[in-house]
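Atom set for the values below is all heavy atoms of this structure, side chains included, hydrogens, waters and symmetry mates excluded. Every chain is numbered from 1, with letters handed out A, B, ... down the list of sequences.
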Number of protein chains: 2
Amino acid sequence: MDNNLNDIFSALADPTRRAVIERLTTGPAPVSELHLGHDMAMPSFLKHLGKLESAGLIHTAKAGRVRTVHLEAAPIARAVDWLTHHRTLWEGRLDRLSALAEHLEKEPKDG
Amino acid sequence: MDNNLNDIFSALADPTRRAVIERLTTGPAPVSELHLGHDMAMPSFLKHLGKLESAGLIHTAKAGRVRTVHLEAAPIARAVDWLTHHRTLWEGRLDRLSALAEHLEKEPKDG
DNA sequence: CAGATTGTTATCCATATGGCTAAGTAATCA
DNA sequence: TGATTACTTAGCCATATGGATAACAATCTG
């Protein structure tokens with residue numbers, strides 16, 4: 001379960017893969033089209049797609065000789081959830097800290 | 001700039017490091033306390049802290065022989081920003097798709 | 001059918017990652 | 001001062017990662 005967060009975050013930890021995701025937000029695309037603009041050989045590029053797929057961030061379907069790649073919405077939500085949950089926690093802390101700071105500033109410093 | 005997203009996401013792609021972050025949302029802690037409960041040698045654990053620190057997710061300060069570790073709020077916001085931005089984009093797409101699906105369902109199927 | 005497209009599989013390689021032990025330094029305590 | 005505590009540094013090791021080439025397979029297209 002939680003293990004999946006590993007795959008999701010590590011899938012996102014690469015600019016090639018983030019670029020693929022960005023491209024896919026404009027709609028599904030065949031592998032060869034996604035490959036354009038990425039300066040690497042096709043098999044290398046396919047490994048990236050493989051990671052995105054096994055992290056559940058995309059799914060693919062082959063028709064004829066063309067494989068079309070689609071974005072998957074659900075898993076990113078898990079990453080967002082983790083981040084926002086913890087961000088909330090520690091920004092809460094920071095808020096309390098700055099409240100404390102303000103409080104201290106309002107104290108008569110030493111005059 | 002954007003390069004930092006690599007470091008942030010890959011720092012988050014490990015359960016030990018996420019656990020450290022979770023712990024730190026309850027407040028700063030010395031290295032040795034953070035180390036408790038992680039079944040690995042101190043030098044291994046320090047590598048994790050090193051990654052968190054070079055990703056900017058934590059900062060540390062040494063007083064005497066104790067190094068205290070603090071959470072850093074800003075960088076996580078960058079990760080959240082990337083995710084929510086793209087989530088919005090593709091959930092938007094999914095919305096349009098389901099709207100289309102609904103629309104098609106309302107059409108007389110084949111007549 | 002011949003040839004071009006579009007992947008796919010199999011290997012290989014260099015570097016990064018995540019773990020270890022051993023040994024060293026720098027405070028603090030008895 | 002000697003021992004203990006709390007890291008720190010320096011290697012070493014196995015596996016994962018991100019890249020490559022070469023060769024194969026399965027569609028289309030003419």
Side-chain angles (χ1 to χ4, degrees), chain A residues 2-24 27-71 75 79, chain B residues 2-24 27-71 75 79:
Chain A
D2 202 352
N3 192 18
N4 196 24
L5 270 181
N6 293 6
D7 296 334
I8 293 171
F9 281 126
S10 81
L12 294 173
D14 180 285
T16 298
R17 294 192 291 260
R18 285 197 305 276
V20 167
I21 288 181
E22 291 179 7
R23 163 64 187 80
L24 289 177
V31 168
S32 52
E33 186 192 316
L34 292 175
H35 180 214
L36 293 174
H38 294 279
D39 187 20
M40 68 180 65
M42 176 65 88
S44 312
F45 185 71
L46 283 179
K47 280 196 195 176
H48 288 293
L49 293 186
K51 286 215 150 193
L52 287 171
E53 186 157 23
S54 70
L57 293 167
I58 61 172
H59 69 271
T60 71
K62 193 163 187 176
R65 48 182 180 175
V66 174
R67 179 174 296 278
T68 302
V69 183
H70 307 253
L71 217 44
Chain B
D2 202 352
N3 191 20
N4 196 25
L5 271 181
N6 293 6
D7 295 335
I8 294 171
F9 281 126
S10 82
L12 294 173
D14 181 284
T16 297
R17 293 191 293 260
R18 285 198 306 277
V20 167
I21 288 180
E22 290 178 7
R23 164 64 188 79
L24 289 176
V31 168
S32 52
E33 186 192 315
L34 293 174
H35 179 215
L36 293 175
H38 294 280
D39 186 20
M40 69 181 64
M42 176 66 87
S44 312
F45 185 72
L46 284 179
K47 281 197 195 177
H48 288 294
L49 294 186
K51 286 215 148 192
L52 288 171
E53 185 157 25
S54 69
L57 293 167
I58 61 172
H59 69 272
T60 72
K62 192 161 186 176
R65 52 187 175 170
V66 174
R67 179 173 296 278
T68 302
V69 183
H70 306 254
L71 216 44

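In this structure, B:His35 atom NE2 and D:dT8 atom P are separated by 13 Å, rounded to whole Å. Rounded to an integer number of Å, the gap from B:Leu49 CG to C:dG19 C1' is 15 Å. Rounded to an integer number of Å, the gap from CZ of A:Phe45 to P of C:dT6 is 14 Å. Taking atom CG of B:Leu46 as the reference point, atom C1' of C:dT17 lies 16 Å away to the nearest angstrom. Rounded to a whole Å, the CG atom of B:Leu52 is 14 Å from the C1' atom of C:dT17. Straight-line distance from the NE2 atom of A:His38 to the P atom of D:dG19: 11 Å, rounded to whole Å. Between B:Asp39 atom CG and C:dG19 atom C1' the separation is 11 Å, expressed in whole Å. Distance, A:Met40 CE to C:dA14 P: 19 Å, rounded to whole Å.
Across the interface with DNA chain D, nearest-nucleotide mapping of A:Asp14 and A:Met42 shows A:Asp14 to be the residue nearer the 5′ end. Between A:His48 and A:Val66, it is A:His48 whose nearest contact on DNA chain D lies nearer the 5' terminus.
Formation of a donor-acceptor pair under 3.5 Å by the A:His35 side chain with backbone atoms of A:Pro30 is not found in this model. In this structure, A:Arg67 contributes its side chain and A:Val31 its backbone to no donor-acceptor pair below 3.5 Å. Counting only distance, with no hydrogens or angles, the side chain of B:His70 and the backbone of B:Leu24 share no donor-acceptor pair below 3.5 Å. At least one donor-acceptor pair closer than 3.5 Å links the side chain of A:Arg18 to the backbone N or O of A:Leu12.
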Distances under 3.5 Å between nitrogen or oxygen atoms of protein and nucleotides 10-17 of chain D:
residue	atom	partner	partner atom	Å
D:dT17	OP1	A:Lys51	NZ	3.3

Sub-3.5 Å pairs of nitrogen or oxygen atoms, protein against nucleotides 24-30 of chain C:
residue	atom	partner	partner atom	Å
C:dA27	N3	B:Arg65	NH1	3.4

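At a threshold of 4.0 angstrom between heavy atoms, the contacts of B:Ser44 include nucleobase atoms, whether or not backbone atoms are also involved.
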Test side chain to side chain contact (heavy atoms under 4.5 Å, CB included) applied to A:His38 and A:His48, step by step: CA-CA 11 Å; A:His38 294 279; A:His48 288 293; over 6 Å; no

B:Thr60 vs B:Leu49, side chain to side chain contact (heavy atoms under 4.5 Å, CB included): CA-CA, chis, key distance, verdict: CA-CA 9 Å; B:Thr60 72; B:Leu49 294 186; over 6 Å; no

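Rounding to the nearest 0.5 Å gives a distance of 9.0 Å between CG of B:Leu71 and CG of B:Leu52.
Phosphate proximity of D:dC7 to B:Ser32: present, with a side-chain N or O under 4.0 Å from OP1 or OP2.
The shortest non-hydrogen separation linking A:Ala55 to A:Ile8 is O-CG1, 3.8 Å. Counting all heavy atoms, side chain and backbone alike, B:Asn6 lies closest to A:Ala13 at O-CB, 3.8 Å.
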